[in-house]
There are 2 protein chains.
Amino acid sequence: MTSALPAERWVEEIQDGAYGMKWRVKDVLFQGKSAFQSVEVVETVSHGRMLLIDGLLMTSERDEFVYHEMIAHVPLTLHPAPRRVLVIGGGDGGTVREALKHPTVETVVLVEIDGMVVDAARRFLPGTASALEDKRVEVRIEDGVKYMAAPGEPFDAVLVDSTDPFGAAAPLFGPAFYADVKRRLTAEGLVVAQAENPFYKLDEQRGLLRVVRGAFGSASLYNYHNLTYPGGLWSFAAASKRPRDLSVPDEARVAALQPRLRYYNAGIHRAAFALPEFMKRGLVAD
Amino acid sequence: MTSALPAERWVEEIQDGAYGMKWRVKDVLFQGKSAFQSVEVVETVSHGRMLLIDGLLMTSERDEFVYHEMIAHVPLTLHPAPRRVLVIGGGDGGTVREALKHPTVETVVLVEIDGMVVDAARRFLPGTASALEDKRVEVRIEDGVKYMAAPGEPFDAVLVDSTDPFGAAAPLFGPAFYADVKRRLTAEGLVVAQAENPFYKLDEQRGLLRVVRGAFGSASLYNYHNLTYPGGLWSFAAASKRPRDLSVPDEARVAALQPRLRYYNAGIHRAAFALPEFMKRGLVAD
């Protein structure tokens, strides 16, 4: 007469064996192992579906709009009329979806090293991946570092939507890559890259800023809130081929986009570049 | 020949049985049960000492500076010359510590309902609680709602450093309390209150704003990052007895404080009032 209740399942992401987050899982939708990494999609009780790579949470349906709006609209409202956009990584399709909201955009090339990420997203994360079926999108399953190093048509914006600076993504944080990015940008072109977080990874942020400054002469960090990444306060690095104030968007262009956005607005754009005092001090060039 | 390793101990804070955070514990320093709540202080591996009330994390040594700077310096750099400051709750002493950094401040009254919180902080959290020994500080162990309802000398700023809007702290989120706050403020006076978070508690934020607006005519939310509270993006509610733009601090006063601060600066003050689009839409008065 004992009832055998199924055990609760949780996804846990623990940092340094010392602190972490967890989410209760309703269902495991996909588990695979590619040449590069493990890829999982789970359905959670509270945050919709989540994509995990090597056990680290990449995106959740509940808050992916924040990350994807902030990586795309900050550079694309600074560029006067972006036509060609390159996304490196970002196989879930969310960054592509946001780039396509800009009416001047004619082409978005997505270069994702791991076809399993794109396949899993197409099957289980339609809210982001359905953007990949748009006629303006070209999906290439190849190494983004090699793609940048090759000759090719230039881009108005390069969005480096990468995982953390180790494993498959490590070269995306290096100087050779950023020299190539600069070469492949148009005169008004901009680059934005996932840049970790200041509470736990300030040294890594300083290192990436140094690399981007080395290529572009100057670079800035801007912040956003991530519900499901450690610490909640996360950053992007941004640089422009032509010197400009990155904190001031084209307000008319923002206003035209606004009805379709849930996090980004002109006030958030400006505010994102205001850094907490400990970040400013910790990022001083050494 | 088996070795009996001690089991790992973790503090977990789980929301709605569905998601949460956890921290590995080195040592439990204090565990008590007062007339109001359970009170614990633990030493963690990664975040220093943490104060927990009813199992919910209140403050960690690693990031308490963010919360305490943001609750204190936003109102105190808006007031032209704050002399008398009232802190309701905040028995750990961190908010008092920040208020005392303003050279015009002559008196800080701390009204904390639970003497056990103050006692535990004095023994185990000297980084915040040592401020309570300052000669300008008066510590009163009593009900903040009753204290506000009584007659007494007015204050230039009231800082409502409370737990969540249930249990002992629930009346601190009600209209009677805010009518009393307004009555006890000087003509240039301001109030700021802990106001939950927009990702998970937007309805509660709207409710608090409605209450504060009911008393003061207008009220604003401003945001900060909390490393150890769910979601990372958290808010304070602010209102002023005299209409003014709450987003513009006195830059000279901020500059004088700056060497002693780690999160707050003039850019962060202005940026904190820029709300994400989903917050703006969700907080529209109904």
Side-chain angles (χ1 to χ4, degrees), chain A residues 8 10-12 14-26 44-47 60 62-63 65-66 69-70 197-200 223-234 247 258-282, chain B residues 8 10-12 14-26 44-47 60 62-63 65-66 69-70 197-200 223-234 247 258-282:
Chain A
E8 282 183 16
W10 293 76
V11 166
E12 281 199 344
I14 304 297
Q15 317 292 322
D16 303 331
Y19 63 98
M21 282 182 288
K22 56 191 288 188
W23 298 272
R24 191 166 169 185
V25 172
K26 272 201 285 206
T44 65
V45 171
S46 56
H47 286 67
S60 87
R62 182 158 181 174
D63 80 320
F65 67 97
V66 181
E69 291 184 13
M70 288 300 279
N197 72 85
F199 276 111
Y200 301 122
N223 289 334
Y224 70 102
H225 304 274
N226 200 309
L227 200 55
T228 51
Y229 285 5
L233 175 63
W234 278 68
S247 72
Q258 202 64 74
R260 300 175 69 194
L261 306 184
R262 293 170 60 200
Y263 183 87
Y264 176 88
N265 56 42
I268 283 288
H269 183 130
R270 288 187 296 269
F273 286 86
L275 303 185
E277 197 61 19
F278 78 95
M279 264 186 98
K280 289 167 80 166
R281 290 179 197 157
Chain B
E8 283 184 15
W10 294 76
V11 166
E12 280 198 347
I14 304 297
Q15 317 291 322
D16 303 331
Y19 62 97
M21 283 183 286
K22 55 191 288 187
W23 298 272
R24 191 167 170 185
V25 173
K26 274 201 285 204
T44 65
V45 171
S46 56
H47 286 66
S60 88
R62 183 158 181 174
D63 80 320
F65 67 97
V66 181
E69 291 184 14
M70 289 299 280
N197 72 85
F199 276 111
Y200 301 122
N223 288 333
Y224 70 102
H225 304 273
N226 200 310
L227 199 54
T228 52
Y229 285 5
L233 175 61
W234 278 68
S247 72
Q258 202 64 74
R260 300 175 69 193
L261 306 184
R262 294 169 60 200
Y263 183 87
Y264 176 88
N265 55 43
I268 283 288
H269 183 131
R270 288 187 296 270
F273 287 86
L275 304 185
E277 198 61 20
F278 77 96
M279 265 186 96
K280 289 166 80 166
R281 289 179 198 157

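- With rounding to the nearest 0.5 Å, the separation of OH in B:Tyr200 from OH in B:Tyr229 is 15.5 Å.
- Remark: B:His269 pairs with B:Tyr264, B:Phe273 by the ring pair (Phe, Tyr, Trp, His ring centres under 6.0 Å) rule, at least two apart or across chains.
- Looking at A:Lys26, there are no atoms closer than 4.5 Å to chain B (heavy atoms on both sides), in backbone or side chain.
- Interface summary for chain B: among A:Met21, A:Met279, A:Gln258, the most heavy-atom pairs under 4.5 angstrom belong to A:Gln258.
- Of the atoms belonging to B:Gln15, not a single heavy atom falls under 4.5 Å from chain A.
- Proximity to chain B involves both the backbone and the side chain of A:Ile268, based on heavy atoms less than 4.5 angstrom apart.
- Highest contact tally toward chain B, considering only A:Gly231, A:Ala274, A:Pro276, is held by A:Pro276 [criterion: heavy-atom pairs under 4.5 Å].
- Ranked by heavy-atom pairs under 4.5 Å with chain B, the first of A:Gly232, A:Ala271, A:Ala266, A:Pro230 is A:Ala271.
- Of the listed residues (B:Ile14, B:Asn226, B:Thr44), the one with the most heavy-atom contacts under 4.5 Å to chain A is B:Ile14.
- Screening residues 270-279 of chain B for salt bridge (charged side-chain N to carboxylate O under 4.0 Å, His left out) gives B:Glu251-B:Arg270, B:Glu277-B:Arg281 as the qualifying pairs, with residues at least two apart or on separate chains.
- Options A:Ala18, A:Gly17, A:Gly267 differ in how many heavy-atom pairs under 4.5 Å they form with chain B, and the most are formed by A:Ala18.
- For chain A, the option among B:Lys22, B:Arg62, B:Lys280, B:Arg24 with the highest count of heavy-atom pairs below 4.5 Å is B:Lys22.
- Proximity to chain B (any heavy atom under 4.5 Å) is shown, for A:Pro198, by neither the backbone nor the side chain.
- Ranked by heavy-atom pairs under 4.5 Å with chain A, the list B:His47, B:His225, B:Glu12 is led by B:His225.
- Between A:Tyr263 and B:Phe278, the ring planes are parallel. Angles under 30° get that label, and only those over 60° would be called perpendicular.
- Contacts of A:Val11 with chain B are absent, with no heavy-atom separation under 4.5 Å from either backbone or side chain.
- When heavy atoms are compared at a cutoff of 4.5 Å, A:Glu69 does not approach chain B at all.
- Ranked by non-hydrogen atom pairs under 4.5 Å with chain B, the options A:Leu275, A:Val45, A:Val66, A:Leu227 are led by A:Leu227.
- When the candidates A:Phe65, A:Trp23, A:Trp10 are compared by the number of heavy-atom contacts under 4.5 Å with chain B, A:Trp10 comes out ahead.
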